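All remarks here apply to the structure that follows.
Keep in mind the model is a prediction, meaning the values are calculated, not measured.
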Amino acid sequence: MELLQADDATLVSNYIHGDEASLEVLINRHNQRLTSFIYSKVFDKEITEDIFQDTFIKVIRTLKLGKYNEEGKFLPWVIRIAHNLVIDHYRKSNRMPRYESGPDYSIFAILQDDKLNAEKQMIKEQIESDIESLIAELPEEQQVVLEMRMYRDMSFKEIAENTGVSINTALGRMRYALINLRKLIEEHQIVLTN
Amino acid sequence: MEQDYPCTQDQCELLRSSNNTIRFLMDFSRSYHPVRCGDHAFDNNLN
């Protein structure tokens with residue numbers, strides 16, 4: 001009964017020190033949340049079961065090898081493992097999900113969700129990091145326009161004035177920046193979902 | 001319990017069938033003993 005009321009950190013510590021029952025409490029406690037998270041990415045029962053199982057095998061190995069970093073919270077850490085396994089699954093099956101919001105989908109739309117829970121927040125940060133590294137690969141003039149438009153919310157008229165080019169050139173640079181970003185996403189097989 | 005996602009029929013079935021998965025994981029955990037060498041532990045069960 002006490003175990004059921006113990007917080008995650010206590011259960012993790014108990015488990016590392018040999019109390020197997022603490023692991024069972026942890027798995028049961030986060031079963032629904034983790035299952036729902038994985039299923040929301042793969043939409044397949046069997047794959048969800050496989051990834052759930054593989055996630056906890058990694059958890060068990062990491063904890064028993066004494067490699068767990070207690071600075072982080074347990075559930076976000078587990079979700080992160082599951083998220084990486086989902087990405088591995090799509091890489092192996094070569095069926096990458098794509099985030100689309102119409103014919104001219106914006107990869108930035110997914111950054112504007114203000115109702116994020118803990119694990120979505122973590123994934124959002126990973127996506128932001130992925131996008132930043134992709135933007136860094138663009139030609140500099142495209143980076144500048146993209147940054148002004150998406151991060152500073154400047155109009156194309158303002159961008160044109162600030163960069164000393166015509167509005168059409170600014171629009172063209174933005175268009176090529178997005179085309180190139182999509183190419184880079186394909187090349188790097190990056191999963192952009194939240 | 002807090003629900004962050006709506007529970008579809010598939011998800012409900014998954015939760016109902018999760019006992020087998022949890023039993024497997026507990027068996028795996030009980031049988032998994034990394035090799036210890038001083039303060040270090042090594043994985044002896046990579047597959």
Side-chain angles (χ1 to χ4, degrees), chain A residues 4 11-12 14-16 18-68 75-76 78-79 115-121 123 194, chain B:
Chain A
L4 292 175
L11 292 169
V12 168
N14 288 350
Y15 176 64
I16 289 170
D19 178 24
E20 296 284 336
S22 290
L23 176 69
E24 192 163 4
V25 176
L26 281 167
I27 297 174
N28 277 308
R29 179 176 293 174
H30 300 302
N31 182 5
Q32 181 178 6
R33 202 157 176 181
L34 186 63
T35 298
S36 299
F37 170 78
I38 298 167
Y39 186 84
S40 73
K41 302 284 176 254
V42 299
F43 303 106
D44 182 282
K45 275 193 297 182
E46 283 73 28
I47 294 168
T48 298
E49 280 180 332
D50 285 350
I51 292 177
F52 182 95
Q53 189 172 295
D54 289 348
T55 299
F56 270 101
I57 284 174
K58 275 185 182 278
V59 167
I60 290 164
R61 282 183 166 151
T62 304
L63 293 178
K64 289 208 169 185
L65 285 164
K67 291 179 178 173
Y68 177 61
L75 181 60
V78 174
I79 295 277
K115 294 176 184 170
L116 299 173
N117 56 28
E119 62 262 39
K120 281 190 175 178
Q121 179 64 34
I123 293 165
N194 63 353
Chain B
M1 181 181 277
E2 183 188 352
Q3 286 193 14
D4 295 307
Y5 305 93
C7 190
T8 65
Q9 188 183 343
D10 273 357
Q11 285 169 279
C12 291
E13 284 174 18
L14 274 168
L15 289 171
R16 276 197 293 272
S17 66
S18 63
N19 283 345
N20 287 339
T21 304
I22 295 173
R23 202 173 299 124
F24 168 83
L25 287 167
M26 292 310 298
D27 287 344
F28 172 81
S29 174
R30 278 188 283 268
S31 64
Y32 178 68
H33 303 291
V35 176
R36 299 204 73 82
C37 180
D39 292 335
H40 302 286
F42 300 95
D43 201 332
N44 66 339
N45 196 23
L46 288 172
N47 50 35

How far apart are the C-alpha atoms of B:F28 and A:R61, what are their side-chain angles, what is the distance that settles it, and do they pass the side-chain contact (heavy atoms from CB on, under 4.5 Å) test? CA-CA 10 Å; B:F28 172 81; A:R61 282 183 166 151; 4.0 Å; yes

Would you please test A:E49 and B:N20 for side-chain contact (heavy atoms from CB on, under 4.5 Å) and show each step? CA-CA 10 Å; A:E49 280 180 332; B:N20 287 339; over 6 Å; no

Would you please test B:S29 and A:E20 for side chain to side chain donor-acceptor pair (under 3.5 Å) and show each step? CA-CA 8 Å; B:S29 174; A:E20 296 284 336; 2.5 Å; yes

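Heavy-atom minimum distance, B:L14 versus A:K45: CD2-O, 3.4 Å.
In terms of non-hydrogen atom pairs under 4.5 Å with chain B, the most contact-rich of A:D44, A:I38, A:I57, A:T35 is A:I57.
Rounding to the nearest 0.5 angstrom, the gap separating the CD atom in A:Q53 from the CD1 atom in B:I22 is 11.0 Å. Taken from OH in B:Y32 to NZ in A:K64, the straight-line distance is 8.5 Å, to the nearest 0.5 Å. Expressed to the nearest 0.5 Å, how far CD1 of A:I60 lies from CZ of B:R30 amounts to 10.0 Å. Here A:F52 contributes atom CZ and B:L25 contributes atom CG; the two are 6.5 Å apart, rounded to the nearest 0.5 Å.
Neither the backbone nor the side chain of A:F43 comes within less than 4.5 Å of any heavy atom in chain B.
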